[in-house]
Amino acid sequence: MRGSDQKILLMVMGVVAVVAAAEGQEETTGFVTWGNNYYQTWGHQALVINKTSELQLTLDKNSGSGFESQLIYGSGYFNVRIKAPQTTSTGVITSFYLISRSSRHDELCFQILGKNGPPYLLNTNMYLYGEGGKDQRFRLWFDPTKDYHSYSFLWNPNQLVFYVDDTPIRVYSKNPDVYYPSVQTMFLMGSVQNGSIIDPKQMPYIAKFQASKIEGCKTEFMGIDKCTDPKFWWNRKQLSSKEKTLYLNARKTYLDYDYCSDRQRYPKVPQECGSYT
């Protein structure tokens, strides 16, 4: 998922963000552009255009590329607008993550899969204390290569929600009997990479990431306890009636694969599957 730990600062212009300190906590809100908030972690040098609003990552025969946030978060709402590469190669994967840095890591992940025509597929995955394979895949109701669309995580001490535009597609709630990702801080990451066979005639592949709306609790590596305060709106957030309707419709209409229903892969239903609402 990551290459080397090479940390080449992106050579771009400033950061648009408002950082407020309150009772030892720091809240980052607003549209955060690429500036010094992100650095390139591997692969080709990222290209920033339109001054600070758009970042382009490249995949060619030699390498893909990826970036990571400088800031560390303990909760929040994290939105990135992405325009995936136009390609008929299913091996081209454009990803957006929240991920912790430990040997038993937590991770939330969107993966836009390359496709030879519609419907395009969006894979979502989670790692819980180092255990992955929790894939839920959706048929997108739009072409992700034609325009920008929003991919968002709501992460708070009680609930995880994956959003596509304004539609919640995956909801994971805290359950006292099952591990919940509330003990490790996380970084934001994005990448474009080769998941399998790709067509060299279509190279290079360009994935575009647009300036993001980040509303999160900025903290230190071991400082997640600072970020559980209900004063932060995202820690109080629950699905509205409209969002619940959108969620049920998305699951009914667009869900293509759910690991919780895969008895060949998991003869016994994984314990955490009872935490999905």
Side-chain angles (χ1 to χ4, degrees), residues 17-18 25-32 37 69 71-82 95-100 105-112 122-128 134-138 140 148-175 178-190 209-219 223-251 254-255 258 272-273 275-277:
V18 178
Q25 300 167 347
E26 291 186 335
E27 179 181 354
T28 300
T29 64
F31 282 91
V32 180
N37 268 357
S69 66
L71 300 180
I72 307 171
Y73 297 96
S75 63
Y77 175 80
F78 308 93
N79 167 260
V80 167
R81 288 173 56 79
I82 302 173
S95 304
F96 171 45
Y97 311 87
L98 275 178
I99 186 169
S100 66
H105 77 285
D106 295 334
E107 178 183 323
L108 314 177
C109 179
F110 285 109
Q111 296 176 312
I112 306 170
L122 174 72
N123 191 60
T124 66
N125 195 5
M126 298 196 310
Y127 278 74
L128 301 177
K134 306 181 190 308
D135 301 274
Q136 292 185 356
R137 189 168 56 241
F138 298 83
L140 287 174
Y148 283 96
H149 289 271
S150 293
Y151 304 85
S152 310
F153 299 113
L154 173 71
W155 171 40
N156 67 37
N158 300 301
Q159 186 174 238
L160 299 170
V161 184
F162 293 64
Y163 287 90
V164 177
D165 293 328
D166 295 324
T167 299
I169 62 170
R170 182 170 184 168
V171 179
Y172 183 76
S173 299
K174 187 173 183 178
N175 183 326
V178 180
Y179 179 83
Y180 182 85
S182 60
V183 298
Q184 301 187 63
T185 55
M186 293 203 265
F187 301 78
L188 278 73
M189 294 182 63
F209 294 76
Q210 207 169 59
S212 315
K213 188 173 184 181
I214 304 299
E215 300 190 64
C217 175
K218 172 185 156 186
T219 187
I224 197 168
D225 289 344
K226 297 180 179 180
C227 298
T228 60
D229 197 320
K231 71 180 293 179
F232 299 126
W233 72 263
W234 54 83
N235 286 343
R236 304 188 305 270
K237 168 69 176 173
Q238 298 291 330
L239 293 187
S240 67
S241 296
K242 179 180 178 181
E243 287 176 326
K244 289 178 181 178
T245 299
L246 290 171
Y247 172 70
L248 293 173
N249 181 67
R251 304 287 295 185
Y254 302 114
L255 184 63
D258 183 357
E272 76 277 357
C273 288
S275 297
Y276 292 106
T277 55

### Query
Just one of H105, Q184, E107 clears the side chain to side chain donor-acceptor pair (under 3.5 Å) bar with S100, so which one?
Q184
Which heavy-atom pair separates [X] from [Y] by the least distance, and what is that distance?
| X | Y | answer |
| --- | --- | --- |
| N235 | D229 | ND2-O, 2.9 Å |
| Y148 | R81 | CB-NH2, 3.3 Å |
| M186 | D106 | SD-O, 3.9 Å |
| E215 | W233 | OE1-NE1, 3.1 Å |

### Query
Any side-chain heavy atom of I99 within less than 4.5 Å of one from Y127?
no
### Query
Side chains of Y163 and I169: closer than 4.5 Å at any heavy-atom pair?
no
### Expected output: side-chain N79 to main-chain S152 donor-acceptor under 3.5 Å
no
### Query
Would you call E243 and K237 a salt bridge, using N to O less than 4.0 angstrom?
yes
### Message
Going by ring pair (Phe, Tyr, Trp, His ring centres under 6.0 Å), name the residues that satisfy it together with Y254, two or more places apart in sequence or in a different chain.
### Response
W141
#### Entry: Near-ring test Y151/F96, centroid separation under 6.0 angstrom
no
Using side-chain hydrogen bond (donor to acceptor under 3.5 Å, both in side chains) as the criterion, list what pairs up with [X], not counting sequence neighbours.
| X | value |
| --- | --- |
| Y276 | R170, Y259 |
| S182 | none |
| N125 | none |
| Y180 | none |

#### Entry: Stepwise side-chain contact (heavy atoms from CB on, under 4.5 Å) check, I214 with L71
CA-CA 11 Å; I214 304 299; L71 300 180; over 6 Å; no
[X]: side-chain contact (heavy atoms from CB on, under 4.5 Å) partners, not counting sequence neighbours:
| X | answer |
| --- | --- |
| S241 | none |
| D258 | Q136, R251, L255, C260, S261 |
| L246 | T167, P168, K242 |
| S275 | Y172, N175, V178 |

Spatial distance of atom [atom1] ([X]) from atom [atom2] ([Y]) [nearest 0.5 Å]:
| X | Y | atom1 | atom2 | result |
| --- | --- | --- | --- | --- |
| Q111 | Y97 | CD | OH | 5.5 Å |
| F78 | L108 | CZ | CG | 9.5 Å |
| C217 | I224 | SG | CD1 | 9.0 Å |
| M189 | S69 | CE | OG | 9.0 Å |
| I82 | Q210 | CD1 | CD | 10.5 Å |

### Residues that K244 engages under salt bridge (Lys or Arg N to Asp or Glu O under 4.0 Å), provided they are two or more places apart
none
#### Entry: Partner residues of D165 under the salt bridge (Lys or Arg N to Asp or Glu O under 4.0 Å) criterion, sequence neighbours left out
none
Just distance, no hydrogens or angles: give the donor-acceptor pairs under 3.5 Å from side chains in residues 153-161, sequence neighbours left out.
residue, atom, partner, partner atom, Å
W155, NE1, P181, O, 2.9
N156, OD1, N158, N, 2.8
N156, OD1, Q159, N, 2.7
N156, ND2, W234, O, 2.9

